[in-house]
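Reading through the C-alpha cells given below for one structure.
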Amino acid sequence: MLVFIVFMWIIVDLMNEGVRTGVKKATAWLTTILFLLPAAIPLIIFWIWPMLYSFYISFTDWDYMSPAYHMVGVENYQGLLEDGEFGQVLFNTFYFTMGTVIPTLIGGLILALLLHHHASGNAIYRAILFSPWVTPTVAVSIVWSWFFQPDVGLANWLLSLFHLPKLEWASSRTWAMPVILIVTIWKGVGWAMVFYLESLQRVPEQLYDSASIDGASAWARIKHVTLPMISPTTFFLTIILMIESLQAYDQIQVLTQGGPAGSTRTILYMYYQAA
C-alpha cells in the first residue's frame, strides 16, 4: 500500500511539473508511464491483481482445487459473521495488536532516550538490543518456550524465589496470550529503539536549551519538544508494527498453535487453520 501511494504521488507530481513547465499533457503522461512501468508491472501482477481476484473468489464456493465453482454472493461473509468463534478471533487480534504495538513504541522510546543521553558504550548496547530483531522468530520462540516450561522453565523458577505459585503459561487460557506478547515485544523493541535514536539525533539542541531557560522540567521537555519532533517516526513505527502484528504467525505456531481453546488464535492464524 505504501508503495502504491508513493507511485500515485509521483504521478501527480510529475503531471503538475509538466503543466507548470509548459510541457504538453500527453507527453507528461507518456513520460510518467514509461518511468513507472518497470516497477508498476510487478506490482500489478503480484499484488493488485491477486488482491482483486481474491476479492472476486470470496463470492464463490470454490475450494481452490475443483475446476468449477458457483457464485454464492455474500453467503461466505454471512457464515463468517454468524460463526461464534469469529468474534473471539477479532478480539484476540485486537488484543494482540494493541498489546504489542503500544509497549514496543514506549519501550523503544525509553531505551532510545537512555542511550541518547549516555553515549558511552552506545554502539555495543544498540547492537545487543537490536539483535533479537535479526534473529529468526522461530528460533526465538523455541528458546522462549523453554523459558516458559511449567515444570522446568526459568520463569516458574523465578516465581518460586519469591514464593509465588507456578503458572501454566502457554498452556493457560489466561497467560497464553501474554506469553506471545512478551516474545513479540522483546523481539521488536530494539528495532523501534534504532529508529527513535536516529530521530532523536535530529532534534535541535536549541529547542531543549530554550525550554530549560523557560524553566521546563525534564518531563515537560519530553512532552512539548521531544514527542512532537519525533511524531513522524512514531507514526511510521505505528503503521509498520500494526502490519507486523496482523501478520504474526511464527510465534503463535511454535508457542501455542492458536490454543488453548482458541485463546491465541488471530485472524491470520484462523486463515491458516481454515486453509
Side-chain angles (χ1 to χ4, degrees), residues 88-115 125-197 234 236-273:
Q88 181 64 37
V89 169
L90 285 179
F91 173 77
N92 292 342
T93 304
F94 178 80
Y95 178 16
F96 177 77
T97 302
M98 294 297 101
T100 55
V101 172
I102 296 175
T104 301
L105 289 174
I106 296 175
L109 178 57
I110 292 174
L111 291 174
L113 289 171
L114 292 174
L115 292 181
Y125 295 139
R126 183 186 304 189
I128 293 173
L129 293 170
F130 183 72
S131 60
W133 178 260
V134 298
T135 305
T137 306
V138 172
V140 167
S141 301
I142 291 174
V143 173
W144 278 96
S145 68
W146 298 338
F147 182 87
F148 288 112
Q149 277 289 332
D151 299 325
V152 296
L154 185 60
N156 277 341
W157 177 77
L158 293 174
L159 291 178
S160 67
L161 295 179
F162 297 95
H163 305 287
L164 296 174
K166 293 184 178 181
L167 301 175
E168 294 298 323
W169 295 113
S171 301
S172 166
R173 291 193 63 181
T174 303
W175 292 100
M177 184 62 82
V179 166
I180 297 178
L181 295 180
I182 291 171
V183 176
T184 307
I185 294 168
W186 175 83
K187 183 174 172 58
V189 69
W191 180 77
M193 175 203 68
V194 170
F195 281 91
Y196 274 131
L197 270 174
T234 301
F236 166 78
L237 288 175
T238 300
I239 298 300
I240 298 301
L241 288 172
M242 288 184 65
I243 294 173
E244 292 287 339
S245 298
L246 294 174
Q247 293 178 338
Y249 170 82
D250 296 350
Q251 59 269 51
I252 298 175
Q253 173 65 16
V254 172
L255 291 168
T256 64
Q257 293 81 49
S263 58
T264 59
R265 183 186 302 155
T266 60
I267 288 181
L268 182 65
Y269 201 81
M270 184 190 69
Y271 292 164
Y272 161 73
Q273 289 182 323

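We count residues from 1, following the sequence as given.
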> Going by atom types only, do Gln88 and Arg265 share a side-chain donor-acceptor pair under 3.5 Å?
Replying inline: no

> Going by distance alone, is a donor N or O of one side chain under 3.5 Å from an acceptor N or O of the other, for Thr100 and Ser245?
Replying inline: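 Yes.
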
Can you name the nearest heavy-atom pair linking [X] to [Y], along with the distance?
X      : Y      : value
Ala176 : Ser263 : CB-OG, 4.1 Å
Thr97  : Leu246 : OG1-CD2, 3.9 Å
Val183 : Ser141 : CG1-OG, 4.3 Å
Gly99  : Ile185 : O-CD1, 3.3 Å

> Looking at residues at least two apart in the chain, or sitting in another chain, which of them share a side-chain contact (heavy atoms from CB on, under 4.5 Å) with Ala112?
Replying inline: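 In terms of side-chain contact (heavy atoms from CB on, under 4.5 Å), with neighbours along the sequence ignored, Ala112 is linked to Met193, Tyr196, Leu197, Leu200.
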
Going from [atom1] on [X] to [atom2] on [Y], what distance comes out if it is rounded to the nearest 0.5 angstrom?
X      : Y      : atom1 : atom2 : result
Thr104 : Leu241 : OG1   : CG    : 5.5 Å
Met242 : Thr238 : CE    : OG1   : 8.0 Å
Ile106 : Ile110 : CD1   : CD1   : 7.0 Å
Leu129 : Leu115 : CG    : CG    : 6.5 Å
Ile180 : Gln253 : CD1   : CD    : 10.5 Å

Tabulate below the donor-acceptor pairs under 3.5 Å that side-chain atoms of residues 146-159 make, not counting sequence neighbours, or state none.
from   : atom 1 : to     : atom 2 : distance (Å)
Asn156 : OD1    : Leu167 : N      : 3.0
Asn156 : OD1    : Trp169 : NE1    : 2.9
Asn156 : ND2    : Pro150 : O      : 2.7
Asn156 : ND2    : Leu167 : O      : 3.0

Taking [Y]'s backbone N and O only, do any of them form a donor-acceptor pair with [X]'s side chain (distance below 3.5 Å, no angle check)?
X      : Y      : result
Gln257 : Val254 : yes
Thr264 : Gly258 : yes
Asn92  : Gly262 : yes
Thr256 : Ala170 : no

> What pairs of residues pass the salt bridge (Lys or Arg N to Asp or Glu O under 4.0 Å) test when at least one of them lies in residues 168-191, not counting sequence neighbours?
Replying inline: none

Quick check: do [X] and [Y] have side-chain heavy atoms less than 4.5 Å from each other?
X      : Y      : value
Tyr249 : Thr266 : no
Trp144 : Val179 : no
Tyr95  : Pro178 : yes

> Where does the angle between the aromatic ring planes of Tyr272 and Tyr269 fall among parallel (under 30°), tilted (30 to 60°) and perpendicular (over 60°)?
Replying inline: tilted

> For Trp175, does the CH2 atom have more than 12 heavy-atom neighbours from other residues, nucleotides or ligands under 6.0 Å away?
Replying inline: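 Open.
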
